[in-house]
Undergrad: 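I'd like to ask some things about the structure below.
Keep in mind the model is a prediction, meaning the values are calculated, not measured. Every chain is numbered from 1 and lettered A, B, ... according to where its sequence line falls, protein lines coming before strand lines.
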Protein chains: 2
Amino acid sequence: MAPAMRNTDLNNDLGPIVQKTMADVVEIRLREYLKEKSFKPGDPLPKEMEMAQSLGVSRNVVREALSRLRMLGMVETKKKRGMVLARPDILSSFERVLDPLIIGDSTLRDIFELRLTLEVGLADLLYLRKTKKDVEELEQIARNQKVTSGRQTFRIKNEIAFHGKIYQMTGNETLQRFQSMLLPVFGYLVSLEKVPIIGKVSHLDLVEILKHGSKEEFRQGMLKHLEHHFAKLK
Amino acid sequence: MAPAMRNTDLNNDLGPIVQKTMADVVEIRLREYLKEKSFKPGDPLPKEMEMAQSLGVSRNVVREALSRLRMLGMVETKKKRGMVLARPDILSSFERVLDPLIIGDSTLRDIFELRLTLEVGLADLLYLRKTKKDVEELEQIARNQKVTSGRQTFRIKNEIAFHGKIYQMTGNETLQRFQSMLLPVFGYLVSLEKVPIIGKVSHLDLVEILKHGSKEEFRQGMLKHLEHHFAKLK
DNA sequence: CTTTTTTAATTTGTCCTACATTTAAACGAT
DNA sequence: ATCGTTTAAATGTAGGACAAATTAAAAAAG
């Protein structure tokens with residue numbers, strides 16, 4: 001693990017030689033500018049032409065940079081009105097690049113581990129915010145699975161529903177959205193398995209713990225539920 | 001929590017009426033195109049002019065869309081060679097929008113919770129991969145703090161060093177980078193505290209657990225270490 | 001004088017053309 | 001066949017023009 005680590009540091013320190021285009025530079029400059037001047041959401045930004053002239057580049061280049069910030073939701077534009085700083089949705093940018101087919105294998109494994117880590121760590125939030133209604137709904141999902149344990153595709157869908165419901169119960173919207181966009185990654189990795197392996201602790205067991213057990217018991221239960229996944233990590 | 005949930009679903013289903021620009025559309029179309037044709041990293045893409053003609057838009061619009069994909073690291077361009085699909089760095093896009101000053105308060109709190117969740121859930125990876133050398137280095141950091149517990153700024157730096165080292169010990173590079181870009185958020189929230197509160201379990205205690213204790217003990221220890229943070233969550 | 005309507009002006013969105021720059025590929029000389 | 005040279009293709013940048021939208025101002029109506 002150490003060599004990989006050193007490599008990362010090296011990448012940070014020495015980075016590859018990349019020929020920055022004007023749009024790259026302008027994007028950075030604009031970002032710095034917004035920070036320095038401590039723009040807040042809603043504040044009006046300079047016009048495209050003003051930027052172009054100040055920076056000494058064509059309006060074309062400025063627009064390419066602005067197009068990037070617009071994509072991230074950092075700025076919004078209206079004709080005649082100009083542009084204003086906006087609150088970016090931090091996860092939408094994430095979503096765009098999270099495709100199991102184009103991200104590398106090592107990153108894929110990293111994300112898989114990240115998800116397992118989250119599931120085990122969720123207990124505290126869960127016990128802080130779970131409601132009786134939530135637990136009942138969760139139980140319904142778990143029972144639903146028990147009945148229709150036949151088809152493989154349905155099994156996966158139900159798996160998603162169950163764990164998704166748990167994230168929802170944390171009351172943390174960002175966490176919930178985060179997990180929902182991690183699902184394809186998770187599904188992709190599970191689909192690579194030849195034989196579906198079932199943990200020692202079932203969904204219904206977890207529901208039972210949620211009803212009458214403690215945080216620690218739930219953590220242990222979730223751990224056992226995901227055990228076979230952890231076992232695959234080397 | 002239910003109403004917020006419904007609202008989210010509504011936003012997904014019905015979304016606000018946004019006047020999509022050509023660049024937006026082209027970005028989406030290009031992304032679909034890459035998926036449908038199942039491009040893999042390294043594959044050459046069509047030329048700008050070809051795209052423009054096929055889509056019936058100006059080269060300018062195509063370039064704005066491409067500029068976005070370039071920013072995300074999805075495509076790389078070389079003159080004469082054209083463009084190739086590349087492996088995007090999933091976290092770099094995240095980094096761009098993760099500014100505590102422009103993301104909203106609720107998101108800020110969500111991320112704070114996310115981090116706490118991670119720290120508690122880390123134990124398994126940690127015990128799977130920790131080395132003697134790592135533990136020693138961690139101990140060094142913890143001792144360093146004990147000695148110089150005076151200045152506030154140093155305390156924070158040391159706090160970062162300690163927890164950062166823990167993430168590094170998991171051997172999960174993505175996780176490590178993820179936490180490092182979450183640091184500003186964390187630091188921002190901590191800086192809002194009037195009085196620095198110290199947990200019941202110190203860094204040195206955690207090191208001791210890592211040396212001779214079990215995973216469960218470590219999880220409990222970390223929980224106690226972060227207890228005052230969890231206490232603030234409602 | 002106030003309210004409504006019309007007009008004008010400003011700013012972004014799109015298209016077009018031109019040229020510089022880079023560099024892979026074709027070509028040619030030894 | 002190898003090395004250097006030329007060529008051509010693709011991206012990068014610049015600048016101008018106009019459409020579309022929408023605010024702001026001016027004009028008209030009451």
Side-chain angles (χ1 to χ4, degrees), chain A residues 15-34 37 39 41-88, chain B residues 15-31 33-34 37 39-88:
Chain A
I17 292 182
V18 280
Q19 157 101 309
K20 281 206 184 85
T21 78
M22 286 295 174
D24 293 327
V25 178
V26 170
E27 186 208 330
I28 294 172
R29 287 286 300 273
L30 280 182
R31 203 176 249 112
E32 288 171 355
Y33 171 76
L34 294 179
K37 299 283 180 180
F39 275 87
D43 290 352
L45 271 55
K47 315 305 173 196
E48 291 180 353
M49 278 310 290
E50 296 173 11
M51 292 181 184
Q53 284 178 351
S54 299
L55 294 164
V57 297
S58 77
R59 186 174 159 231
N60 239 331
V61 169
V62 173
R63 278 189 63 80
E64 281 194 21
L66 285 175
S67 182
R68 299 177 178 190
L69 301 189
R70 255 197 313 273
M71 173 183 67
L72 298 178
M74 287 185 64
V75 304
E76 283 171 0
T77 58
K78 284 222 171 75
K79 299 190 177 178
K80 167 92 182 195
R81 249 297 178 68
M83 290 169 290
V84 297
L85 191 61
R87 284 199 193 292
Chain B
I17 292 183
V18 281
Q19 150 109 311
K20 280 208 186 87
T21 127
M22 285 296 171
D24 292 328
V25 178
V26 170
E27 186 209 331
I28 294 172
R29 288 287 300 272
L30 280 182
R31 205 177 246 112
Y33 171 76
L34 295 180
K37 299 283 180 181
F39 275 88
K40 291 179 298 182
D43 290 352
L45 271 54
K47 316 306 173 193
E48 290 180 355
M49 277 309 290
E50 295 173 10
M51 292 182 184
Q53 285 178 351
S54 298
L55 294 164
V57 297
S58 78
R59 187 175 159 230
N60 232 329
V61 169
V62 172
R63 278 190 62 81
E64 282 194 21
L66 286 173
S67 182
R68 300 177 177 190
L69 301 189
R70 253 196 316 271
M71 174 183 67
L72 298 177
M74 286 184 65
V75 305
E76 283 171 1
T77 58
K78 285 220 169 77
K79 298 191 178 176
K80 168 90 180 192
R81 246 300 181 67
M83 290 168 291
V84 297
L85 190 63
R87 285 200 191 291

Undergrad: I'd like to know if A/N60 reaches the base of D/dG15 with its side chain such that a donor and an acceptor end up less than 3.5 angstrom apart.
TA: yes

Undergrad: Can a donor-acceptor pair under 3.5 Å be found between the side-chain atoms of A/R59 and the base atoms of D/dG16?
TA: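 Answer no: no donor N or O sits under 3.5 Å from an acceptor.
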
Undergrad: Output every pair passing salt bridge (charged side-chain N to carboxylate O under 4.0 Å, His left out) with a member in residues 47-62 of chain B, not counting sequence neighbours, ordered by first then second residue.
TA: B/E48-B/R59, B/E48-B/R63

Undergrad: Please write out each protein N/O paired with an N/O of nucleotides 6-9 of chain D under 3.5 Å, distance rounded to 0.1 Å.
TA:
| from | atom 1 | to | atom 2 | distance (Å) |
| --- | --- | --- | --- | --- |
| D/dA9 | O4' | B/K80 | NZ | 3.2 |

Undergrad: Contact between B/D43 and B/K37 at the side-chain level, heavy atoms closer than 4.5 Å - yes or no?
TA: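 Contact flag for B/D43/B/K37 side chains = no.
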
Undergrad: Answer yes or no: is there a side-chain heavy-atom contact under 4.5 Å between A/V61 and A/T21?
TA: no

Undergrad: Check the distance between D/dT22's P and A/M83's CE and give it to me in whole angstrom.
TA: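 These atoms are roughly 16 Å apart.
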
Undergrad: Excluding sequence neighbours, so at least two apart, what forms salt bridge (Lys or Arg N to Asp or Glu O under 4.0 Å) with A/R29?
TA: none

Undergrad: To the nearest angstrom, how far is A/Q19 atom CD from D/dA10 atom C1'?
TA: 15 Å

Undergrad: Want to settle it: does A/G56 or B/G82 sit nearer the 5' end of DNA chain D, counting the closest nucleotide to each?
TA: B/G82

Undergrad: Reckon B/T77 has a side-chain N or O less than 4.0 Å from the OP1 or OP2 of D/dA10?
TA: no

Undergrad: Are the side chains of B/L55 and B/V25 in contact, using a 4.5 Å heavy-atom criterion?
TA: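 Answer no - side chains too far apart.
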
Undergrad: In a table with atom names and distances, give each donor-acceptor pair under 3.5 Å that connects a side chain of residues 72-88 of chain A to protein atoms at least two apart or in another chain.
TA:
| from | atom 1 | to | atom 2 | distance (Å) |
| --- | --- | --- | --- | --- |
| A/R87 | NH1 | B/I102 | O | 2.7 |

Undergrad: Let me know, please, whether A/A23 or A/K78 comes out on the 5' side of the other along DNA chain D by nearest nucleotide.
TA: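 By nearest-heavy-atom nucleotide position, the 5'-most residue is A/A23.
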
Undergrad: Do B/E27 and B/E64 have side chains that approach each other closer than 4.5 Å (heavy atoms only, starting at C-beta)?
TA: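 Heavy-atom side-chain distance check fails, nothing below 4.5 Å.
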
Undergrad: Whole-Å distance between D/dT11 C1' and B/E76 CD?
TA: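 Answer to the nearest Å: 14 Å.
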
Undergrad: Is there side-chain contact between A/K20 and A/I28, with heavy atoms separated by less than 4.5 Å?
TA: yes

Undergrad: Side chain to side chain donor-acceptor pair (under 3.5 Å) with B/D24: which residues, sequence neighbours excluded?
TA: B/R68

Undergrad: Check whether any side-chain nitrogen or oxygen of B/S58 sits under 4.0 Å from OP1 or OP2 of C/dC15, and answer yes or no.
TA: yes

Undergrad: Going by heavy atoms closer than 4.0 Å, what residues in residues 61-73 of chain A are next to DNA chain D?
TA: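 A/V61 - these, ordered by number, are the residues of the stretch whose heavy atoms sit under 4.0 Å from the strand.
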
Undergrad: Write down the distance between CE (B/M49) and P (C/dA18), rounded to a whole number of angstrom.
TA: 13 Å

